[in-house]
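Remember, it's a predicted structure, so these values are computed and weren't measured experimentally. Residue numbers start from 1 in every chain, and the chains themselves are labelled A, B, ... in the order their sequence lines are given, proteins ahead of strands.
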Number of protein chains: 2
Amino acid sequence: MRKAASCATADMDKAEDRRCVEAEPTQARRFSQARTARSTAILEDYAELIADLTREHGEARTTDIARRLGVTLPTANKSLARLKREGLVTARPYRGVFLTEAGMAMAERVRARHRLVVDVLEALGVPTDAAETDAEGIEHYISEVTLKAFKRFLCRE
Amino acid sequence: MRKAASCATADMDKAEDRRCVEAEPTQARRFSQARTARSTAILEDYAELIADLTREHGEARTTDIARRLGVTLPTANKSLARLKREGLVTARPYRGVFLTEAGMAMAERVRARHRLVVDVLEALGVPTDAAETDAEGIEHYISEVTLKAFKRFLCRE
DNA sequence: ACATGAAGTTAGCTTAGGCTAACTTAAATG
DNA sequence: CATTTAAGTTAGCCTAAGCTAACTTCATGT
Ligand SMILES: [Mn+2]
Ligand SMILES: [Mn+2]
Ligand SMILES: [Mn+2]
Ligand SMILES: [Mn+2]
């Protein structure tokens with residue numbers, strides 16, 4: 001067996017030891033939360049994109065979704081199957097894809113976060129294109145608290 | 001076949017049509033970049049964590065890595081296999097895990113970004129715990145340009 | 001009306017990252 | 001030194017998300 005592997009190697013005091021032991025579950029919770037966010041990121045991107053396409057073209061076709069995402073048609077098709085399964089969209093074969101109530105709600109939330117993240121990045125001096133690109137990843141990891149802070153920051157600035 | 005699916009549905013002018021057609025590859029590139037970042041996010045977390053553990057305990061054991069990440073031992077083991085394969089770590093069986101030069105370089109980069117993201121979030125009014133949690137996801141999607149902007153922002157603030 | 005080509009679907013492969021169960025190895029402790 | 005227990009490994013399962021190839025269905029233009 002191995003030497004209890006807390007923080008202390010030899011000369012560290014109990015206080016630091018306790019601090020490290022406390023840190024473990026905290027950090028685990030943070031990583032775990034990031035993993036959860038990662039697992040819904042794609043759903044969010046699809047929901048947002050379907051809303052955009054519907055707004056722009058009056059409908060969201062699988063081909064257009066795939067082209068905008070930069071993936072192949074079968075990939076989009078399979079991901080859309082997941083969105084259906086999770087009750088975010090409906091689709092009649094060979095017709096467009098439609099957001100359900102839940103899907104629209106998600107799209108709205110995501111769209112708002114997307115805009116907010118881009119605005120904050122730009123306010124911080126990030127050029128538009130980089131802001132849009134980075135926001136595409138960042139947007140999925142913004143908690144409510146952070147969202148609020150972003151809003152306050154943009155107001156008072 | 002279907003009606004060319006650009007932007008224009010009927011009454012939109014050529015200008016808007018062109019704008020949308022241009023938007024497609026741009027947006028595809030953005031999504032694609034986010035996918036790339038997503039695929040290295042885990043490598044980055046492992047590298048950063050191994051560096052932290054080594055600093056704190058003098059070594060990074062697989063068990064400690066797993067516990068801190070909140071995953072099972074076999075999961076950490078398998079992910080570490082990927083890090084080995086990609087030349088980021090070495091490991092002698094039943095001994096600790098060690099960062100290679102490349103691994104240390106990655107850990108340094110990631111650590112710097114992590115701190116910077118947390119600092120920016122806090123400067124924006126996000127409470128510490130939320131800042132740490134959100135940063136754990138956000139950090140993997142920060143481009144060089146954004147990094148620079150963050151640094152400038154923190155300086156002049 | 002029908003030929004053709006785009007859109008959509010299906011099947012099947014790959015990699016990644018989770019998990020449990022079962023086993024092996026190493027190390028502390030009686 | 002033998003036992004016990006923690007650490008590590010291996011095998012095997014699952015889901016998600018990417019791909020290509022091959023097939024089917026639509027719808028348009030001649
Ligand atoms: Mn996104
Ligand atoms: Mn977005
Ligand atoms: Mn992270
Ligand atoms: Mn980190």
Qualifying ring-ring contact (aromatic ring centres under 6.0 Å, His included) pairs, either residue in residues 135-155 of chain A, two or more places apart: A:Y141-B:Y141

Want to settle it: does A:P93 or B:P93 sit nearer the 5' end of DNA chain D, counting the closest nucleotide to each? B:P93

Check salt bridge (Lys or Arg N to Asp or Glu O under 4.0 Å) between A:R30 and all other residues, then give those that pass, not counting sequence neighbours. B:D129

Quick one: pull up CD1 in B:I50 and CE in B:M104 and give me the separation to the nearest 0.5 Å. 11.0 Å

Euclidean distance, atom CG of residue B:D64 to atom P of D:dA6 [Å, nearest integer]: 14 Å

Pairs under 3.5 angstrom only: tabulate donor-acceptor contacts from the side chains of residues 114-126 of chain A to other protein residues two or more places apart or in another chain.
{"unit_1": "A:H114", "atom_1": "ND1", "unit_2": "A:E48", "atom_2": "OE2", "d": "3.3"}
{"unit_1": "A:H114", "atom_1": "ND1", "unit_2": "A:E139", "atom_2": "OE1", "d": "2.7"}
{"unit_1": "A:H114", "atom_1": "NE2", "unit_2": "A:E132", "atom_2": "OE1", "d": "3.0"}
{"unit_1": "A:E122", "atom_1": "OE2", "unit_2": "A:T128", "atom_2": "OG1", "d": "3.0"}

Can a side chain N or O of A:R61 be found less than 4.0 Å away from OP1 or OP2 on C:dG8? yes

Quick tally for nucleotides 14-22 of chain C: nucleotides whose base has a protein heavy atom under 4.0 Å get B, sugar-phosphate-only ones S, the rest -, giving --SBBBBB-

D:dT9 phosphate, OP1 or OP2, under 4.0 Å from B:N77 side-chain N/O: yes

So the side chain to side chain donor-acceptor pair (under 3.5 Å) pairs with at least one residue in residues 147-157 of chain B (sequence neighbours excluded) are none

May I have all residue pairs that pass side chain to side chain donor-acceptor pair (under 3.5 Å) and include part of residues 79-100 of chain A, sequence neighbours excluded? A:Y46-A:S79, A:R82-A:E86

